[in-house]
Amino acid sequence: MSQDPSNCSPIELLDHLVAFDTTSHKTNVSLIEFVADYLASFGVEVRMIPNQAGDKINLCATIGPKDAQGGIGLSGHTDVVPVDGQEWQTDPFRLTARDGRLYGRGAADMKGYLACVLASVPMFVSRQLSRPIHLFFSYDEEIGCVGVRPMIEQLGKALPMPEIVFVGEPTAMGVVDAHKGPARWAVSVTGRAVHSSMAHLGVNAVHAASELIGELRRMEEELRQTIRDARFDPPYSTLQVTTIEGGAANNIIPRSCCFGFEVRALHSLDVTAISRRLQDYADANCLPPMRAIAEEAAIAIELVNWVPPFAATTGSAAVALALRLAGDNHTEAVSYTTEAGLFQSAGAAAVVCGPGHIAQAHTANEWIAEEELHRCMAFLERLADWSK
Ligand SMILES: [Zn+2]
């Protein structure tokens, strides 16, 4: 099949991509199949990396010399956050153009970038690239950068290892060379339930949880005071209790209490020290009095998700190239998270640069300016020139 060039404009492609409801808890297979067909129409070979259930797929494709080492990876996630509970003035899964803005779920985060990359494919294919350009499209980014990990594991094995990876999260085409990394834990406290008139025979799990939370608050304050990096806003690692659930009724001593907490860590923070300290505190201060009454009393602290913070290495080739292509001379550090730290851990030099503003990401009436797509297209054209 050959493509009608009008089907390859970034707006036309964004219109297609937004129409696939790829909210993280749903499948992304239809979107990936659309992308695969589109790439195949330009003779680009596609590799699919499905999850075990087969309802989510990572896609990897290479344009240019197949045997060449390195090259540039263009990375983006295909999933979007839910629209539940948000007041949209337009259908979130239909791209709507108004006053130079394009509205739709994922328009900024980050289907706008995917649309620009796909729209650039005919241009990439028409050039005699001496350095390959690899596309890495992932799933389940929005639930903790989970989906991209099996694809990254295969870099340098079944999949090519790029020298540089551009992660196209919305930075308004600014060059982001550092971000924080979230670590998330689930804490589960088990006590013993008794009638509240016999409180001395029970173990109150909510009370024990509140002591643990008190210790976390002290750690939060210490983080605020100690490790600081003025490039970030706020300039320290944050620690917050994010969810809590416990107890069954007003006249029962609660047997269980579960809560979650998150650290948004600066690069220099050892996050494992946080949970170790909480466990030590539990062992020393909470569990002995609990177990004196009920031997089944327990406190379990489990790391449920961790995305490494990202800090480009000094003199990073990725940062230098992004600055050159963006015509920029300064970098930024941000507090949100991307897949860049994971690519960097695998051995690729990463940098974050993409169209649209993070302020519009995840919101009702999410939009991207058409102008941002044009700026990204120009960036990708300069990349093709550089890759010749
Ligand atoms: Zn994103």
Side-chain angles (χ1 to χ4, degrees), residues 10 13-14 17-18 20-28 31-32 35 56-59 73-84 86 92-93 95 102-118 135-149 151-152 165-182 184 262 264 305-310 318 322 332-344 348 350-369 372-373 375-376 379-380:
L13 283 159
L14 183 55
L17 296 178
V18 164
F20 295 104
D21 175 0
T22 51
T23 308
S24 303
H25 62 83
K26 297 184 178 173
T27 173
N28 75 337
L31 181 149
I32 291 290
V35 171
K56 309 272 179 93
I57 303 179
N58 285 315
L59 177 145
L74 302 176
S75 154
H77 61 82
T78 61
D79 60 319
V80 295
V81 295
V83 295
D84 309 293
Q86 296 186 336
F93 299 105
L95 192 70
L102 301 161
Y103 292 84
R105 171 54 86 225
D109 184 14
M110 57 184 291
K111 290 178 171 176
Y113 179 71
L114 301 183
C116 290
V117 169
L118 293 174
L135 315 190
F136 298 108
F137 289 7
S138 68
Y139 59 85
D140 283 356
E141 190 271 352
E142 296 290 6
I143 57 170
C145 297
V146 178
V148 75
R149 296 179 200 226
M151 179 155 59
I152 288 180
V165 173
F166 290 144
V167 178
E169 291 280 353
T171 64
M173 297 310 294
V175 177
V176 166
D177 65 351
H179 64 63
K180 292 180 182 174
R184 299 184 178 118
E262 180 202 68
R264 293 235 157 208
N305 184 250
W306 182 59
V307 184
F310 165 58
E332 295 161 52
V334 297
S335 289
Y336 57 86
T337 302
T338 80
E339 295 168 342
L342 290 166
F343 277 104
Q344 180 143 301
V351 67
V352 189
C353 180
H357 285 265
I358 195 71
Q360 275 88 51
H362 302 192
T363 59
N365 306 308
E366 177 178 349
W367 57 271
I368 189 166
E372 284 287 306
L373 299 182
R375 291 178 64 210
C376 185
F379 180 98
L380 293 169

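In listed order, ligands and their atoms are each counted from 1. FYI, side chains are in, hydrogens and waters are out, and symmetry mates aren't considered; it's all heavy atoms of this structure. Owing to the predicted nature of the structure, the values given are computational and were not obtained by experimental measurement.
At least one donor-acceptor pair closer than 3.5 Å links the side chain of His77 to the backbone N or O of Asp79.
Test Val83, Val18, Val80, Asp21 against Pro92 for side-chain contact (heavy atoms from CB on, under 4.5 Å) and you get one pass: Val83. With Leu114 as the partner, the side-chain contact (heavy atoms from CB on, under 4.5 Å) test is satisfied by one option alone out of Leu13, Leu74, Leu17, Val35: Leu17.
Taking the side chain as every heavy atom from C-beta outward, Thr23 and Glu142 never approach each other to under 4.5 Å. With contacts defined as side-chain heavy-atom distances shorter than 4.5 Å, the pair Asn28/Phe137 does not qualify.
Using the six-membered ring where Trp is involved, Phe379 and Phe166 have ring planes that are perpendicular, over 60° apart on the 30 and 60° scheme.
Around the Zn ion (ligand 1), protein N, O or S atoms at less than 2.8 Å comprise His77 NE2, Asp109 OD1, Glu169 OE1, Glu169 OE2.
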